[in-house]
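Below: one structure, written as structure tokens.
Every value quoted in this text rests on a predicted model; they were computed, and no experiment measured them. Numbered from 1 within each chain, the chains take letters A, B, ... in sequence-line order.
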Amino acid sequence: MKQKIQDILTGIVEQFKKDNLIPQDSNVRVMIENTKDKKNGDYATNLAMLLAKPMKKKPQEIASLIVNSIPVSNEITKVEIAGPGFINFFVSKNYLAAQVEAILSDDHLGVKVTDKPETVVIDYSSPNVAKEMAVHHIRSTVIGDAVVRILEFLGHKVIRANHIGDWGTQFGMLIAYLEKKENENASNLELSDLEAFYREAKKCYESDEEFAVKARGYVVKLQSGDEYCLKMWKKLVNITMVQNQEIYNRLNISLTEKDIMGESLYNPMLKPLVEDLVNKNLAVKDDGAMVVYLKSFADKDGNPRCVIVQKKDGGFLYTTTDIACTKYRCETLGANRIICFADSRQHEHLMMSWEIARLAGYVPEGVVLEHGAFGMMLGKDGKPFKTRDGGTVKLKDLLNEAESRAAELISQRNNDLPDNLKDEVIKTVAMGAVKYADLSKNRTTDYVFDWDNMLTFEGNTAPYLQYAYSRIQSIFKKAGEAKPGKIVITTPEEEALAQQFVKFNEVVNNAANKIAPHIICTYVYELAGLFMRFYEACPINKDEVAEDVKASRLALCKAASSIIKTGLNMLGINVLDRM
RNA sequence: GCGCCCUUAGCUCAGUUGGAUAGAGCAACGGCCUUCUAAGCCGUGGGUCGAAGGUUCGACUCCUUCAGGGCGCGCCA
């Protein structure tokens with residue numbers, strides 16, 4: 001409908017140009033908005049106000065000119081001029097009902113699959129080897145996975161890239177410590193607590209000189225491809241990722257072993273890459289190190305920013321790895337768009353790495369590189385959660401707590417849930433709540449980690465949405481043989497609900513373009529709220545309800561449940577038939 | 001010192017490419033279960049959108065300055 005109004009108005013603007021009412025070269029953007037207050041119709045445009053200047057007329061005059069040019073149709077029942085010159089459009093209820101019926105008969109619920117599919121690399125989760133995932137990892141993991149699902153739903157080819165921290169000088173220390181543990185007892189069960197493992201390794205490194213010497217030796221050997229060190233390294237990677245996969249499975253994250261593309265993947269590219277940068281006169285030697293000067297990052301005095309790509313001792317840095325990684329994703333994976341989900345501290349670093357990759361010609365024209373940045377997780381003291389020195393909350397513990405709180409809530413509720421379903425309900429509600437707590441915010445600001453905050457089940461939460469869904473299933477159960485039928489909109493609650501359905505396509509596209517899953521959260525939450533009001537006001541399975549009204553309302557229920565389910569699934573959250 | 005990001009109700013957050021009276025949830029208070037699941041619905045109170053200028057018919061939104069907070073800055077990742 002929005003598109004139709006847009007087409008009509010664009011046509012009118014063209015006509016104005018032909019009639020020389022406005023200059024030919026004026027670039028007028030016709031904008032249609034969804035009105036907040038239904039007194040102002042269903043859609044509105046500010047076109048008349050935009051044209052006031054070029055046409056040198058009062059907005060109201062222009063508005064009436066426009067209104068007179070709008071052809072009559074049985075879709076738009078009324079067009080009004082209001083306020084300073086807004087034009088308000090009122091859509092007929094019959095047409096609205098027809099749109100909802102079209103959504104119901106579409107397996108994509110009115111969301112159009114893109115006609116320009118892109119290959120999108122999404123870099124997310126990125127845990128570190130030999131460390132357990134901590135609560136702050138949830139942001140990248142959960143938001144990244146939702147964006148993966150949204151883009152796939154729209155028909156894009158998505159390549160998941162789990163850019164794990166599997167390389168660096170700390171591996172000498174870790175290998176040496178793994179060796180020590182294996183010598184001490186045959187089994188490597190000790191690794192079940194990775195957090196302690198890392199801490200202990202570090203302690204040995206700092207206090208035991210003999211150990212430290214060995215560790216430094218192992219770094220060199222590992223980097224030169226020593227078989228024993230590689231085997232030990234691989235063992236550390238595997239142990240870590242098996243544990244992380246359990247978390248992914250619990251959280252319904254679509255990452256698998258196949259998606260692991262760690263830092264080590266790019267190692268063979270680093271040396272030739274720096275040589276290439278030198279050949280292209282981008283990298284120069286400076287105080288023994290190889291650096292790139294970036295004019296585009298100059299300070300206000302014009303001094304270019306210096307970025308080191310190779311150390312004095314010949315070693316490479318993570319900027320080098322990220323340039324190589326970008327090159328790989330463009331050249332080998334054929335990416336049209338790359339989205340990195342990492343916290344905001346990485347912003348400058350990413351921008352500089354990408355700038356170098358572009359200057360070196362590794363990024364084809366038109367390829368979009370985006371940083372899906374988010375703020376850091378802070379402790380109650382306002383200081384960031386440290387990962388290096390322990391003291392963080394493990395993600396596993398958060399998930400366990402979520403489940404125990406969900407179990408407690410269910411035990412208090414007066415429902416007749418059979419025991420075999422209870423466990424599923426607990427898990428689905430708990431994981432939904434945890435994920436939604438992160439997904440529903442788009443803030444790039446830091447936020448304070450708080451148990452109660454992440455584990456609520458009321459208001460704008462996943463359980464509320466799951467509850468709305470299961471209520472609808474309950475209606476269908478009770479309706480028995482009665483089936484959804486022709487939609488006839490009569491009450492304000494029905495109309496408000498139907499209008500929300502029609503927005504689904506726009507919302508999903510908006511969320512995809514802005515890399516903002518919270519837009520879908522807000523939408524589904526509003527939809528669930530509108531359904532709840534409809535549910536209170538419009539009886540369905542009651543004796544006094546006529547058959548045709550019942551069929552119509554069941555159709556509205558069907559649309560609501562389908563969109564809630566699809567919307568939540570796009571966020572990586574499951575629904576429940578009962579709860 | 002240089003640079004990036006942020007500031008909306010007591011708390012957590014929304015607020016479409018600038019639009020009509022800035023919205024939810026939590027917390028507080030008051031109603032609603034013999035009626036399709038009360039994880040719900042309805043109502044009340046709560047705001048100098050960090051501050052000041054500027055652009056505009058119109059600014060939470062765009063520009064400038066300032067204050068406050070966070071983060072980053074040549075050999076860690």
Are there any protein N/O atoms within less than 3.5 Å of an N/O atom in nucleotides 40-49 of chain B, and if so, which ones and at what distance?
| from | atom 1 | to | atom 2 | distance (Å) |
| --- | --- | --- | --- | --- |
| B/rG40 | OP1 | A/Gly459 | N | 3.1 |
| B/rG40 | O2' | A/Arg471 | NH1 | 3.2 |
| B/rC41 | OP1 | A/Tyr464 | OH | 2.8 |
| B/rC41 | O4' | A/Glu536 | OE2 | 3.2 |
| B/rC42 | OP1 | A/Arg533 | NE | 3.0 |

Results of salt bridge (Lys or Arg N to Asp or Glu O under 4.0 Å) for A/Asp446 - residues two or more places apart only: none
Let me check I have this right: for RNA chain B, each base becomes ., (, ), [, ] or |, based on Watson-Crick or G-U pairs with both distances under 3.5 Å. What is the full string? (((((((..((((.....[...)))).(((((.......))))).....(((((..]....))))))))))))....
Just call it for A/Pro539: base, sugar-phosphate, or nothing, with non-hydrogen atoms closer than 4.0 Å on any strand. base
With sequence neighbours left out, write down each residue that passes side chain to side chain contact (heavy atoms under 4.5 Å, CB included) with A/Arg443, or none if nothing qualifies. A/Thr445
Within the structure shown, what part of the strands sits under 4.0 Å from A/Asn88 by heavy-atom distance: base, sugar-phosphate, or nothing? base
Considering every strand and a 4.0 Å limit on heavy-atom distances, what is the contact class for A/Arg578: base, sugar-phosphate, or nothing? base
B/rC13 versus B/rA9 - spacing of their C1' atoms, nearest Å: 11 Å
Electrostatic pair A/Glu61-A/Lys56, nearest N-O below 4.0 angstrom: no
According to the side-chain hydrogen bond (donor to acceptor under 3.5 Å, both in side chains) rule, which pairs have a member within residues 523-551 of chain A, sequence neighbours left out? none
Over all strands shown, is A/Phe316 touching base, sugar-phosphate only, or nothing at heavy-atom distances under 4.0 angstrom? sugar-phosphate
Considering every strand and a 4.0 Å limit on heavy-atom distances, what is the contact class for A/Val429: base, sugar-phosphate, or nothing? base
Its contact letters, B for base, S for sugar-phosphate only and - for none at protein heavy atoms under 4.0 Å, make nucleotides 6-18 of chain B read SSB---SSSSBB-
Report which part of the nucleic acid A/Ala479 touches: base, sugar-phosphate, or nothing (heavy-atom distance under 4.0 Å, all strands). nothing
